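The shown structure was predicted, so the numbers you read here are calculated from the model rather than taken from an experiment.
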Amino acid sequence: APTPIQSMAVLPLRNIANNTSDEFLSVGLADALVTELQQIPSLQVRPTSAVLEFAGAKTDTKSASEKLKVDGILEGHFLAAGDLVRVTLQLTDSRTGFSVWSDTIDGRRDNLLKLIDDVSARTVAGLNQRIGVQQSQAPRSQARSVSPKAYEEYLRARALNGSFEPKRYAEQIAALKRAITIDPAFAAAYADLAATLSLGSARSLATPEDLANAEWYARQAVRIDPNLPQAHLALGRVFVRDPERFRESVREVLAALRLESTDTQALHSVVTYFVSTGELQKAQCVGDKLVQIDPMSNEALTRGYWNINAVDPEGALKNAQVALASPETELAGHDMRGMAFLLQRNFVEADREADAALKL
């Protein structure tokens, strides 16, 4: 018999109604479940960013589990009709193909917060009954709001998270601003808004004024809920944009890690810090831990950049192959190889990688 399920991915739920206005629930419900299940010490749960490519796509369980390198797949669908929402979930052991657990939960459309609480509680209870999991008892804040409407806007934004498209980026910012307008004490919305503006600055989607506002939003998140990991991480990501505040950034990232030790973005920042200080053995140690936690995270797939920053072109060329193997990070793979060849003064190969990148 196989060992108990130790790693899992939650795929975006299928919308079986024709109501496109509720499409955001596909990723939103999955993201909320990921947040809840990541608190189980005995489970490694892939982050939402790793499963976004499966949204709206027909994917068999075996193929998804092989790509995500997990033992189990939690999938399902939802139906929103009038004031009611029905969510159906099923956990499949991808190693055997057998269904381990399934359930159907009903809730009200006007109170998505309660619906997600019910879905999360029933899922954890069902998994505990079937595969023996228990949530961590360590104190840790969660993304909460007193307003179901504010939480709905937050879910809309989460469904757009990480987009390179200016239109979707603008929609994400607008949804988060609506969330904090409805609930001025919604710490997670402030944190996500700060992180999104910081990322937008890196992608030339935000203005210098946006970056200044990002610090204010991040500080609001920490002030409202100092035990929220993403609040400290958001502040760290804002600080890292300023060379004079790099150590402040590291301090906030470490605060996030004390609250959530498996956050791959926070671990990535720690690796970057050790590379910048020349402590490459420590960087390798933390990097290996990150890859072990989630080998399909963006941070793990693009780990060749650590080698570039450490002036290790051979290591960068080796790790670039990991990025090239995934369509989502293929561009980064060519970028790494191009810089590695520049470090080796191999300009012919660097030009070829630049051409490949431009073609993509």
Side-chain angles (χ1 to χ4, degrees), residues 31-32 35 38 47-49 139-147 150-151 153-164 168-273 276 297-299:
D31 182 63
T35 301
Q38 283 179 332
T48 306
S49 58
R140 174 180 176 274
S141 295
Q142 291 182 302
R144 306 294 297 179
S145 172
V146 296
S147 167
Y151 191 71
E153 295 293 347
Y154 175 76
L155 289 183
R156 289 183 185 277
R158 297 288 288 182
L160 298 166
N161 199 33
S163 175
F164 280 97
R168 289 168 62 87
Y169 171 80
E171 290 174 357
Q172 183 183 3
I173 295 295
L176 289 169
K177 287 184 175 179
R178 288 194 296 268
I180 63 176
T181 299
I182 298 169
D183 180 6
F186 194 175
Y190 281 105
D192 273 23
L193 184 51
T196 303
L197 288 172
S198 178
L199 186 60
S201 175
R203 293 176 174 176
S204 300
L205 295 171
T207 66
E209 183 182 359
D210 287 334
L211 190 58
N213 291 334
E215 180 176 344
W216 186 85
Y217 291 128
R219 288 192 181 279
Q220 283 291 94
V222 173
R223 181 187 64 80
I224 295 168
D225 191 348
N227 290 320
L228 184 69
Q230 68 201 78
H232 292 281
L233 184 58
L235 190 53
R237 294 178 73 171
V238 171
F239 285 158
V240 82
R241 306 296 302 165
D242 184 345
E244 301 299 320
R245 309 182 78 174
F246 189 60
R247 289 188 179 275
E248 289 181 80
S249 172
V250 175
R251 181 191 65 204
E252 293 300 330
V253 167
L254 290 176
L257 275 176
R258 292 188 187 100
L259 294 165
E260 181 61 74
S261 62
T262 58
D263 190 295
T264 55
Q265 292 181 354
L267 289 169
H268 173 77
S269 295
V270 174
V271 175
T272 303
Y273 171 74
S276 72
S297 68
N298 183 73
E299 292 76 22

Please set out all donor-acceptor pairs under 3.5 angstrom arising from side-chain atoms of residues 236-243, sequence neighbours excluded.
from	atom 1	to	atom 2	distance (Å)
R237	NH1	Q265	OE1	2.9
D242	OD1	E244	N	3.0

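- Looking only at side-chain heavy atoms (C-beta outward), L211 and L197 stay at 4.5 Å or farther from each other.
- Listed for the S204 side chain is no donor-acceptor partner under 3.5 Å among the backbone atoms of G200.
- When side chains are defined from C-beta on, L254 counts as touching V250, because their heavy atoms get closer than 4.5 Å.
- Atom CG of L160 and atom CZ of R168 lie 5.0 Å apart (nearest 0.5 Å).
- Identified under the ring-ring contact (aromatic ring centres under 6.0 Å, His included) test for residues 178-234, with sequence neighbours left out: Y154-F186.
- Here CG of L233 is found 6.0 Å from OG of S269. Values are rounded to the nearest 0.5 Å.
- Residue L193 holds its CG atom at 11.0 Å from OG of S198, rounded to the nearest 0.5 Å.
- Side chain of T181 to backbone of K177: a donor-acceptor contact under 3.5 angstrom is found.
- Note that CG of D192 is 11.0 Å distant from CD1 of I180, once rounded to the nearest 0.5 Å.
- Atoms OG and CG, on S201 and D210 in that order, are 8.5 Å from each other to the nearest 0.5 Å.
- Minimum interatomic distance between A191 and A234 (heavy atoms only, all atoms of both residues): O-CB, 3.4 Å.
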Walk me through it: do Y273 and R247 pass the test side chain to side chain donor-acceptor pair (under 3.5 Å)? CA-CA 9 Å; Y273 171 74; R247 289 188 179 275; 3.3 Å; yes
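- Taking 4.0 Å as the cut-off between side-chain N and carboxylate O, R219 and E252 do not count as a salt-bridged pair.
- Separating the CD1 atom in I173 from the CZ atom in R178 is a distance of 11.5 Å, to the nearest 0.5 Å.
- Of all heavy-atom pairs spanning I182 and S147, the tightest one is CG2-OG, 3.3 Å.
- The two atoms that bring A175 and R156 nearest to each other are CB-CB, 4.3 Å, heavy atoms only.
- The minimum heavy-atom distance between L176 and T196, with the atom names listed, is CD1-OG1, 4.0 Å.
- Taking all atoms of both residues into account, the shortest heavy-atom contact from A143 to A188 is CB-CB, 3.5 Å.
- A side-chain donor from one of T48 and D31 sits under 3.5 Å from a side-chain acceptor of the other.
- Nearest approach of D225 to A187, heavy atoms of both residues: CB-CB, 3.7 Å.
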